[in-house]
Amino acid sequence: MITMLATIFVFGVIVFIHELGHFVTAKACGMRVDEFAIGFGPALVKVQKGETLYSIRAIPLGGYNKIAGMSDEEELDDRSFLNKPTWQRFIVISAGAVFNFLLAILIVFSILVISGAPSPSSEPVIGRMHSTGPAAIAHLEVNDKITSINGKEITKWTDIAIALQGTQKHAIPIVVERNGQMIESTIIPMETDNGRAIIGINPSSIMTKYPISEAAYRAVAYTVNIVHQMITGLWSMIVGTEEAQLAGPVGVAQMAGEVAQIGFVYLLQFTAILSINLGVINLLPLPVLDGGHLIIILVESITRRKLPPKALQYIQMAGLALLLFIFLYTTVQDISRI
């Protein structure tokens, strides 16, 4: 149930914002929008307001705006898409991705201001623990406060690494405070590849709230960084320097459910990342996607002539076939990982 609700929430929010970008800019440019739809397939809810039909449809994996005059086959007037200046058509098509980026910035900004971002605590308190690590084997628990290791007093987190030096693969005493009681145990630190002694624990986190100006800067920087990572990762997959790791709707739904169980703030963070992903993917120069449409607008603007209808049809069919292949491939991969 949680997975289903989380999936509907995540897809619903990012698709609504994406389509809202197209809708708002189309209206602002004086274009007629005949329908604003969230989802595909049969309509579950339909409301006619003015010249626009607003609908929610059965399959919540996308959406669309039916903008008048996007094809030569339609009857065109002064409010038709194709009769608007190039710069207005460019803005309308790119607005979906831009709104996705703005959504991510707004979500991250809100989290930083309202709940704050987690940062490692300096207290020697166990926040997370590897399930098969030395600490787990020694029956330590999350929220235990380490007070001494091998007879050395521990007052802050950095003291732990110092006290563990040279103790790898040796049984040493460790004392923790748990619920007001001092508990002594024996632990055998493991050795890392670089020769360090560790016991498989991570510090607890404290939430740090940021002032509005810094939160705004961090939200923009975070979004730009994710966009850069996505573009770099996509390029690495294209040139073959990195293995393609793709997730389809099933994989995204599974991740949404897992994140939702941790907490709503984490689900919002996941929504922000997915919104950035949708924005970047939609700007790829592939037919059917917004990026492919932008390329066609630019080409027609530079050459001052429209692509032949047949050529446009073949381009769109090739793009649709590619998207269907990717959808099927990622879905099969998702199911094989379950």
When you look at CG of Asn194, are more than 12 heavy atoms from neighbouring residues, nucleotides or ligands closer to it than 6.0 Å? yes
Can a donor-acceptor pair be found, under 3.5 Å and without considering hydrogens, that links the side chain of Gln88 to the backbone of Phe90? no
Ser148 and Ile154 have their tightest heavy-atom pair at CA-CG1, 3.8 Å
Any link between Val125 and Ile183 through a network of hydrophobic side chains (Ile, Leu, Val, Met, Phe, Trp, Tyr) touching at under 4.5 Å? no
Where is the tightest heavy-atom contact between Asn100 and Ile14, given as atom of each residue plus distance? ND2-O, 3.2 Å
Glu75 atom CD: more than 12 heavy-atom contacts under 6.0 Å: no
Would you say the side chain of Phe101 lies within less than 4.5 Å of the side chain of Val280, judging by non-hydrogen atoms? yes
Asn277 side chain to Ile273 main-chain N or O, any donor-acceptor pair under 3.5 Å? yes
Do you know which two heavy atoms are closest between Ser131 and Ala136, and how far apart they sit? O-CB, 3.4 Å
Tell me every residue that passes salt bridge (Lys or Arg N to Asp or Glu O under 4.0 Å) with Glu19, counting only those two or more places apart in sequence or in another chain. none
Joint hydrophobic cluster, Tyr64 plus Ile56, side-chain heavy atoms closer than 4.5 Å: no
Nearest 0.5 Å, what's the CG-CG distance between Leu102 and Leu20? 11.0 Å
Please answer whether the main-chain N or O of Gly21 pairs with a side-chain N or O of Thr25 as donor and acceptor at a distance below 3.5 Å. yes
Atom CG in Leu283, atom CE in Met230: separation rounded to 0.5 Å? 10.5 Å
Straight-line distance of Glu123 CD to Ser204 OG, nearest 0.5 Å: 7.5 Å
Does Ile126 offer a backbone N or O that forms a donor-acceptor pair with the side chain of Lys145 under 3.5 Å? no
Could you list the residues that satisfy salt bridge (Lys or Arg N to Asp or Glu O under 4.0 Å) with Lys66, not counting sequence neighbours? none
Stepwise salt bridge (charged side-chain N to carboxylate O under 4.0 Å, His left out) check, Glu51 with Lys27: CA-CA 11 Å; Glu51 63 187 13; Lys27 288 283 192 180; 3.1 Å; yes
Give the cluster check for Ile206 versus Val265: same hydrophobic cluster or not, with ILVMFWY residues linked at side-chain heavy-atom distances below 4.5 Å. no
Could you check His293, Arg89, Met31 and say which one makes a side-chain contact (heavy atoms from CB on, under 4.5 Å) with Met70? His293
Measure from the side-chain N and O atoms of Lys209 to the backbone N and O of Ile114, and report whether any donor-acceptor pair falls under 3.5 Å. yes
How far apart are the closest heavy atoms of Phe109 and Ile212, and which atoms are they? CE1-O, 3.4 Å
To the closest 0.5 Å, what do you measure between CD1 (Ile198) and CD (Glu191)? 10.0 Å
List the atom of Val142, the atom of Gly127, and the distance in Å for their closest heavy-atom pair. CG1-O, 3.3 Å
Does any non-hydrogen side-chain atom of Val92 lie less than 4.5 Å from one of Cys29? yes
So, the side chain of Ser122 versus the backbone of Lys156: is there a donor-acceptor pair under 3.5 Å, distance only? no
Point-to-point distance, once rounded to the nearest 0.5 Å, from CG of Asp78 to CG of Leu76: 10.5 Å
Heavy-atom closest contact (Ile105 atom, Ala219 atom, distance): O-CB, 3.4 Å
If you apply the rule side-chain contact (heavy atoms from CB on, under 4.5 Å), what do you find for Asp77 with Asn83, and how did you get there? CA-CA 7 Å; Asp77 57 30; Asn83 282 343; 5.6 Å; no
Please test Phe264 against Leu267 for side-chain contact (heavy atoms from CB on, under 4.5 Å), starting from the C-alpha separation and ending with a verdict. CA-CA 5 Å; Phe264 184 65; Leu267 183 63; 4.3 Å; yes
Short question: side chain of Asp144, backbone of Arg178 - any donor-acceptor pair under 3.5 Å? no
Should we say atom CG of Asn179 is surrounded by more than 12 heavy atoms from elsewhere, each under 6.0 Å from it? no
Asp290 and His22: side chain donor to acceptor below 3.5 Å: yes
Among the clusters formed by ILVMFWY side chains lying less than 4.5 Å apart, do Leu106 and Phe23 turn up in the same one? no
With the 4.5 Å side-chain cut-off for hydrophobic clustering, are Phe270 and Val227 part of the same group? yes
Among Val98, Val13, Leu278, Leu103, the one residue meeting side-chain contact (heavy atoms from CB on, under 4.5 Å) with His18: Leu278
Hey, does the side chain of Ser185 reach the backbone of Ala138 with a donor-acceptor pair shorter than 3.5 angstrom? yes
Please check if atom OH in Tyr266 has more than 12 non-hydrogen atoms from other residues, nucleotides or ligands closer than 6.0 Å. no
Parallel under 30°, tilted from 30 to 60°, perpendicular over 60°: which one fits the rings of Phe36 and Phe16? perpendicular
Do any N or O atoms from the side chain of Arg57 and from the backbone of Gly41 form a donor-acceptor pair under 3.5 angstrom? yes
So, taking the atom named CD1 in Ile174 and the one named CD1 in Ile149, what distance separates them when rounded to the nearest 0.5 Å? 4.5 Å
Are any non-hydrogen side-chain atoms of Pro173 and Asn150 less than 4.5 angstrom apart? yes
Going by the rule side-chain hydrogen bond (donor to acceptor under 3.5 Å, both in side chains), which residues pair with Arg32 if we only count those two or more places apart in sequence or in a different chain? Asp34
